[in-house]
Amino acid sequence: MGSDSQYQIPAIEFTMNSPEMDRGTDEWYHLCKKVREACENYGCFEIVYDKIPPQLRAETFSASRKLFSLPLETKKQNLNPKPYQGYVGPSVRAPLYEGFGFEEASNYESLGSLTEDIWSHDQFCLNLWLCIVICLFVCSCYICCNCGTVISMMKQLDELKDMINLMILDSYGLEETSNLIMVSKTLLRLQKYTAPPSREYTMGSPAHTDKNFGTILFDDQVSGLEVQTKDEQWVKLSISPRSFVFVVGDSLMAWSNGRMHSVNHRVMMCGEKERHSLAAFALPIEGSIIKAQKELVDEDYPRILKDFDYTDFSKFIFSEGRAIESQMQVFAYAGIRT
Ligand SMILES: O=C(O)CCC(=O)C(=O)O
Ligand SMILES: [Fe+2]
């Protein structure tokens, strides 16, 4: 159980306006190398990043708390037929967990068009859910206190995601033009874990690997996130209040031909505080074929996976009877048997 206090994932500082952040400098390549090594050896790293102000983080969680405090019937209006992309309530599998997914989180224009839909219906609050989302994401009135907070956060996280993807490409010396990881879209998920009734060490989210490219996570400083080391120990992460965590997913592992490690992780709760976290998942766009970069296949790294369609893979993992958590799913789906 997450007790190995000696284990630390790499903490990598992204200092704005420093030579390190200036693409093409020696310092930039040095930073890219650190990112690559962290993704290969640990499957995750702490991003120490000052550009996103603590106040925006605090306001984001305040907006998130407001959403979760809505009546269940209202929350359920956040529908999406795709698994985990709408509202997910507590379940037998994860009784402490609740989450809201926003599939079009980085499509700021599409959020704007939601507003137009409402006005065209000639009623101010035709759909309470849409009104709430618009208020949190895009409006800039002075009536409510969380106007546009989440969308400001999304813009910042998208910028951070693009920067990390660029570092990964540069670390391998790959072209950025039309590379699949540069055109990913973002699924935003706001997540809440209630405190376990017994206050004892209890599962908040079962162990899993993320299926997408990469995920940027942060929480409200109530700890809970644990990662599994390569020698299969579970360790609780202790992340500074100004940091974020980057987690390598199965698609990035496949894209890098197994060089990057998609790390198994979970949330374990204890104590009396509820926990809030935000996850920005970089998802391959519809129709994406995930393939190992040819430059990353060689004698030392022979191909381990066939090319696969991400949408079909998602259908496969969410099909009846599958253990969606397991990192073995990608190998069951596309593994090359030798
Ligand atoms: O809440 C967290 O910190 C982690 C959540 C997570 O791993 C996920 O949503 O995939
Ligand atoms: Fe995850």
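All ligand and atom numbering here is 1-based and tracks the order in the structure. Computed from a predicted structure; not experimentally measured. For this chain, numbers begin at 1 and follow the sequence in order.
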Original post:
Is the Y310-F316 ring centre distance short of 6.0 angstrom?
Top reply: no

Subject >> Non-hydrogen atom of R275 closer than 4.0 Å to ligand 1 >> reply: yes

Original post:
Y87 versus E98: any side-chain heavy-atom pair under 4.5 Å?
Top reply: yes

Original post:
Taking K211 for the side chain and F313 for the main chain, is one N or O donor matched with an acceptor at less than 3.5 Å?
Top reply: no

Original post:
Among all protein non-hydrogen atoms, which one is nearest to atom 5 (C) of ligand 1, and what is the separation to 0.1 Å?
Top reply: Q191 NE2, 3.2 Å

Subject >> Lys/Arg-Asp/Glu bridge criterion (N-O < 4.0 Å) met for R36, E40 >> reply: yes

Original post:
Of all N/O/S atoms in D210, which lies nearest to the Fe ion (ligand 2)?
Top reply: OD1

Original post:
At the Fe ion (ligand 2), what's the angle from H208 NE2 to H265 NE2, rounded to 10 degrees?
Top reply: 90°

Original post:
Can you tell me the protein heavy atom closest to atom 9 (O) of ligand 1 and the distance?
Top reply: R189 NH2, 2.9 Å

Original post:
Which ligand 1 atoms are under 4.0 Å away from a heavy-atom of F281?
Top reply: 8 (C), 9 (O), 10 (O)

**OP:** For residues F68 and H276, establish whether the separation of their ring centroids is below 6.0 Å.
**Re:** yes

Subject >> Within reach of ligand 1, part of S277 (heavy-atom separation under 4.0 Å) >> reply: side chain

Original post:
Is D219 touching ligand 1 with its side chain, its backbone, both, or neither, if touching means heavy atoms under 4.0 Å apart?
Top reply: neither

Subject >> Identity and distance of the protein heavy atom lying nearest atom 4 (C) of ligand 1 >> reply: V267 CG2, 3.7 Å

**OP:** For the pair E13 and R242, find out whether any cationic side-chain nitrogen is under 4.0 Å from an anionic carboxylate oxygen.
**Re:** yes

Original post:
Is ligand 1 under 4.0 Å from a heavy atom in the side chain of H265, in the backbone, in both, or in neither?
Top reply: side chain

**OP:** Inspect the surroundings of NZ in K33 and state if more than 12 heavy atoms from other residues, nucleotides or ligands are less than 6.0 Å away.
**Re:** no

**OP:** Around atom 10 (O) of ligand 1, find the nearest protein heavy atom and jot down its residue, atom name and distance.
**Re:** H208 NE2, 3.0 Å

Subject >> For Y193, the ligand 1 atoms whose distance to one of its heavy atoms is below 4.0 Å >> reply: 1 (O), 2 (C), 4 (C), 5 (C)

Original post:
OG/S288 to CG/N212 distance, rounded to the nearest 0.5 angstrom?
Top reply: 12.0 Å

